[in-house]
Amino acid sequence: METNGRGQRDEERLHCLVTGASGYIGGRLVPELLAAGHRVRCLVRSPGKLRDHPWAPDAEKVRGDVTHAPSVAEAMGGVDVAYYLVHALGSGAEFEDTDRRAARIFARQARAAGVRRIVYLGGLTPRNVPEESLSPHLRSRAEVGRIFLESEVPATVLRAAVVIGSGSASFEMLRYLTERLPVMVTPSWVHTRTQPIGVRDVLRYLVGSATMPDDVDRSFDIGGPDVLTYREMMRRYAVVAGLRRRVIVPVPVLTPRLSSHWVGLVTPVPASLARPLTESLRHEVVCHEHDIARYVPDPPGRPLPFDEALALALRRVREAQVATRWSSASVPGAPSDPLPTDPDWAGGSLYQDERALSVDASREALWKVVEGIGGDNGWYSFPLAWAVRGWLDRFVGGVGLRRGRRDAERLRVGDSLDFWRVEEIEPGHLLRLRAEMRLPGLAWLEMYVETDDAGRTRYRQRALFHPRGLFGHAYWWSVSPFHAVVFGGMARNITRAAARGRRPVRP
C-alpha cells in the first residue's frame with residue numbers, strides 16, 4: 001500500500017481547500033494541515049501575498065474570491081475538505097449581505113464538486129438571546145454557520161469567543177489596553193463573562209475536523225478551561241506580563257461605538273475592527289458543551305489554560321516569532337490596486353517625488369536599514385509629521401500609524417507596515433509599499449538599493465500618487481511643499497543610518 005513519505009496511507013491524505021490563507025487563522029492553518037500530511041490548495045485574491053510564507057512552496061495557490069462562483073468552482077475541483085475562514089469584517093453596512101451571498105456560493109459549489117466536508121470557524125453566541133439582539137457581526141457569523149449546516153454537504157461549525165495568540169486582534173487589544181493604561185476607565189462590558197481559547201487549540205480543532213465521520217453535521221462550542229470577565233483577563237495579563245496591578249473603573253456611559261473609538265485610541269486595533277470585537281462582549285459567551293473532544297480528543301494539559309496561552313503569546317512577541325497578525329488580512333475599504341505600469345501608464349495622472357543619494361556603505365548595510373523601516377524603528381523623517389498623519393487617519397476611520405510590524409527585521413509580501421502594506425520585495429534591491437491610509441487616490445512608496453556608474457552604493461526613493469478626482473489633485477499640490485522635509489529627510493537619514501551601520505533612535 002502506497003504512503004506519502006510520512007508513513008500515511010494515501011486514502012488518509014486529504015485534499016484541503018483553505019480560504020482566508022492570507023489572514024490570521026488561515027495563514028497558520030495551512031502549515032498545520034501540511035504537517036498532518038494533507039494536500040493544501042489556497043483560494044486567495046492575490047496569490048502573490050502568500051509568496052514569502054515559509055510553507056508557500058508546498059501549497060497550491062488559486063486566484064479567486066468567495067463571492068465569485070466560477071473561481072470557487074475551479075478551486076473546489078478534487079477537494080475533500082473545504083475550510084471557510086473569511087468574513088466581511090468591518091466592510092460597511094452591507095457586510096451581512098456579502099457574508100450571506102459568499103456562504104451560499106461556497107456551499108453550492110462544494111456540493112457540485114462532491115466535497116466531503118465544510119469546516120467553518122465562527123463566533124460563539126449567547127444562549128437565550130434572540131438573534132436579532134446580537135451585534136451585526138455576531139449575527140452574521142451565526143447565519144453563515146446555519147447556511148453551511150442547512151446545505152447538503154456535511155459541515156463542522158466551530159464556535160469560538162476570544163482567541164488568544166500572538167498577533168490576534170483580541171490578544172493585541174487586551175495587551176495594549178493593559179500595558180498602556182495602569183488606571184483605566186472602562187466600558188461596562190469588562191464585567192461580561194467570556195471563555196477565551198488559545199490559538200493552538202483552535203488550530204488543533206480545525207485540523208482534527210477534517211477527519212470527522214461523514215455523519216457528523218453540527219456545530220461545536222470550543223473554548224479554554226477558564227471562564228473570565230474581561231476585567232479578570234486584564235488583571236491576569238498584568239500578572240503574566242510582570243506589570244503592576246491595574247486599577248479598572250467601569251462606567252456605563254460608553255456605547256459600543258464610543259468603546260471602539262476608545263480602543264482605537266489606545267491600541268493598534270482600528271475602531272473599524274475594535275467595534276465588532278467590543279460588541280461581541282456585550283453578552284456572556286461561554287461554552288455549553290465540549291462534544292468536540294469525542295472527535296478531536298484533548299491531549300494532557302489541553303485545552304491550554306488562559307495564563308499559559310498568554311505566556312506563550314507573549315514569548316512569541318518578545319522573540320519576534322509571530323507567524324501571522326490580525327493585520328495580515330487586507331483592510332476593508334483600503335486601496336488594493338497594484339502599481340500601474342510605469343512610465344507608459346495610460347490611466348491618468350501619476351504624480352512622483354523621486355530622490356537619489358550615494359551612500360558610503362555596502363549594499364547589504366543599506367538594505368538592512370531599508371527592510372527595517374517602520375514600526376518601532378520609525379520612518380527616518382520628521383516624527384511629528386508622521387505621527388500627525390497617523391492621528392488624522394485614525395480620526396477619519398483609517399488604520400493609523402500604530403499597526404507596526406510583524407517582525408522587527410524581516411518583511412514579506414503582504415505584511416502590514418504601519419499604514420502601509422508590502423506590495424513587493426526583492427531582497428537586497430527593492431521594497432515597494434502601498435498606502436492603506438485614507439487618501440483621495442492611490443499611493444505607493446518605493447525604496448531601491450542600487451549601484452551607480454562609479455560602483456558606489458546608491459539609494460533611490462520614489463513616492464507615487466494617482467489622484468482620484470479634483471480633490472485628489474488638490475491634495476497632492478497641498479502637501480507637495482512638505483515633501484522636501486518628509487521625503488527628502490527620509491532619504492538623507494536612511495543613507496546616514498546605513499553609513500553609521502545602525503538605526504537612529506526614535507525621538
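For the side-chain hydrogen bond (donor to acceptor under 3.5 Å, both in side chains) test, residues two or more places apart in sequence or in another chain that qualify with Q461 are Y459. Under the rule for a side-chain hydrogen bond (donor to acceptor under 3.5 Å, both in side chains), the partners of Y237 that lie at least two apart in sequence or sit in another chain are E179. Remark: R175 pairs with no residue by the side-chain hydrogen bond (donor to acceptor under 3.5 Å, both in side chains) rule, at least two apart or across chains. With sequence neighbours left out, R410 forms a salt bridge (charged side-chain N to carboxylate O under 4.0 Å, His left out) with D407. The side-chain hydrogen bond (donor to acceptor under 3.5 Å, both in side chains) test applied to S140 returns D99, not counting sequence neighbours.
Checked by atom type and distance alone, the side chain of T495 never pairs as donor or acceptor with a backbone atom of V359 at under 3.5 Å. Checking side-chain atoms of S381 against main-chain N and O of G489 turns up no donor-acceptor pair under 3.5 Å. A donor-acceptor pair under 3.5 Å is formed between the side chain of H15 and the backbone N or O of G78. Between the side chain of R468 and the main chain of L439, a donor-acceptor pair closer than 3.5 Å is present. Of the possible polar contacts, none joining the S46 side chain to the K49 backbone as a donor-acceptor pair under 3.5 Å is found. For E409 (side chain) and E371 (main-chain N/O), no donor-acceptor pair under 3.5 Å exists by modelled atom type. Although no hydrogens or angles enter the test, the distance criterion places a donor-acceptor pair under 3.5 Å between the side chain of K61 and the main chain of A56. Judged purely by atom type and a 3.5 angstrom limit, R246 uses its side chain to pair as donor or acceptor with the backbone of R244. For N493 (side chain) and M490 (main-chain N/O), no donor-acceptor pair under 3.5 Å exists by modelled atom type.
Smallest separation of non-hydrogen atoms from F487 and L445: CE2-CD1, 4.2 Å. Taking each heavy atom of L43 and G64 in turn, the nearest pair found is CD1-CA, 3.5 Å. Between L366 and R458, the shortest heavy-atom contact is CD2-O, 3.9 Å. Annotation for R63 and S71: closest pair O-CB, 4.0 Å, computed over non-hydrogen atoms. When all heavy atoms of V317 and S166 are compared, the pair lying nearest together is CG2-CB, 4.0 Å. Here the shortest heavy-atom pairing between G374 and R405 reads O-CD, 3.6 Å.
Here the straight-line distance linking atom CG of D201 with atom CD1 of I164 works out to 12.0 Å at 0.5 Å rounding. Atoms CD and CG, from E446 and L430 in turn, are 6.0 Å apart once rounded to the nearest 0.5 Å. A distance of 12.0 Å separates CD1 in I197 from OG in S170, rounded to the nearest 0.5 Å. Between Y351 atom OH and W477 atom CH2 the span is 5.5 Å, to the nearest 0.5 Å. Atom OH of Y83 is separated from atom CG of L29 by 5.5 Å, given to the nearest 0.5 angstrom. Note that OG of S358 and CD of E450 are 10.5 Å apart. Values are rounded to the nearest 0.5 Å.
The side-chain heavy atoms of R101 and I105, taken from C-beta on, include a pair separated by under 4.5 Å. In this structure the side chain of I373 reaches within 4.5 angstrom of the side chain of M447, judged on heavy atoms. With contacts defined as side-chain heavy-atom distances shorter than 4.5 Å, the pair L431/V449 does not qualify. For the pair V144/Y120, a side-chain contact is recorded, criterion being any heavy-atom separation below 4.5 Å from C-beta on. Using a 4.5 Å heavy-atom threshold, the side chains of P54 and R412 count as touching. Taking the side chain as every heavy atom from C-beta outward, Y230 and M173 approach each other to under 4.5 Å. Looking at heavy atoms from C-beta onward, R236 lies in side-chain contact with D307 at the 4.5 angstrom threshold. At least one side-chain heavy atom of F106 sits less than 4.5 Å from a side-chain heavy atom of M76.
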Does the pair C42 and V62 meet the rule for a side-chain contact (heavy atoms from CB on, under 4.5 Å), with working shown? CA-CA 6 Å; C42 303; V62 175; over 6 Å; no

Give the C-alpha distance, both sets of side-chain angles, the deciding distance and a yes or no for salt bridge (Lys or Arg N to Asp or Glu O under 4.0 Å) between R462 and D353. CA-CA 6 Å; R462 288 201 311 167; D353 179 280; over 6 Å; no

Show your working on side-chain contact (heavy atoms from CB on, under 4.5 Å) between D415 and L417 and close with a plain yes or no. CA-CA 6 Å; D415 272 1; L417 184 59; 5.9 Å; no

Run the side-chain contact (heavy atoms from CB on, under 4.5 Å) test on L464 and E354 for me, step by step, so that the C-alpha distance in whole Å, both residues' side-chain angles and the decisive distance to 0.1 Å come before the verdict. CA-CA 9 Å; L464 303 103; E354 185 166 3; over 6 Å; no

Tell me, with the steps shown, if F171 and L314 meet side-chain contact (heavy atoms from CB on, under 4.5 Å). CA-CA 10 Å; F171 171 74; L314 277 171; 4.2 Å; yes

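Annotation: ring pair (Phe, Tyr, Trp, His ring centres under 6.0 Å) contacts involving residues 48-67, sequence neighbours excluded, comprise H53-W55.
Ionic pairing of R51 and E424 is present here: one or more N-O contacts between side-chain nitrogen and carboxylate oxygen are shorter than 4.0 angstrom. For E423 and R421, the salt-bridge test fails: no basic side-chain N is under 4.0 Å from an acidic carboxylate O.
Between Y475 and F465, the ring planes lie tilted relative to each other; the angle falls in the 30° to 60° range.
Few gaps surround CZ on R139; more than 12 heavy atoms of other groups in view lie less than 6.0 Å from it. Residue D452 places its CG atom among more than 12 non-hydrogen atoms of other residues, nucleotides or ligands, all under 6.0 Å distant. Within a 6.0 Å sphere centred on CZ of R41, other residues, nucleotides and ligands contribute more than 12 heavy atoms.
Between the side chains of T451 and R363, at least one donor-acceptor pair of N or O atoms lies under 3.5 Å. Between the side chains of W379 and D418, a donor-acceptor pair is found at a separation under 3.5 Å.
Checked against the 6.0 Å centroid threshold, H483 and W476 count as a close aromatic pair.
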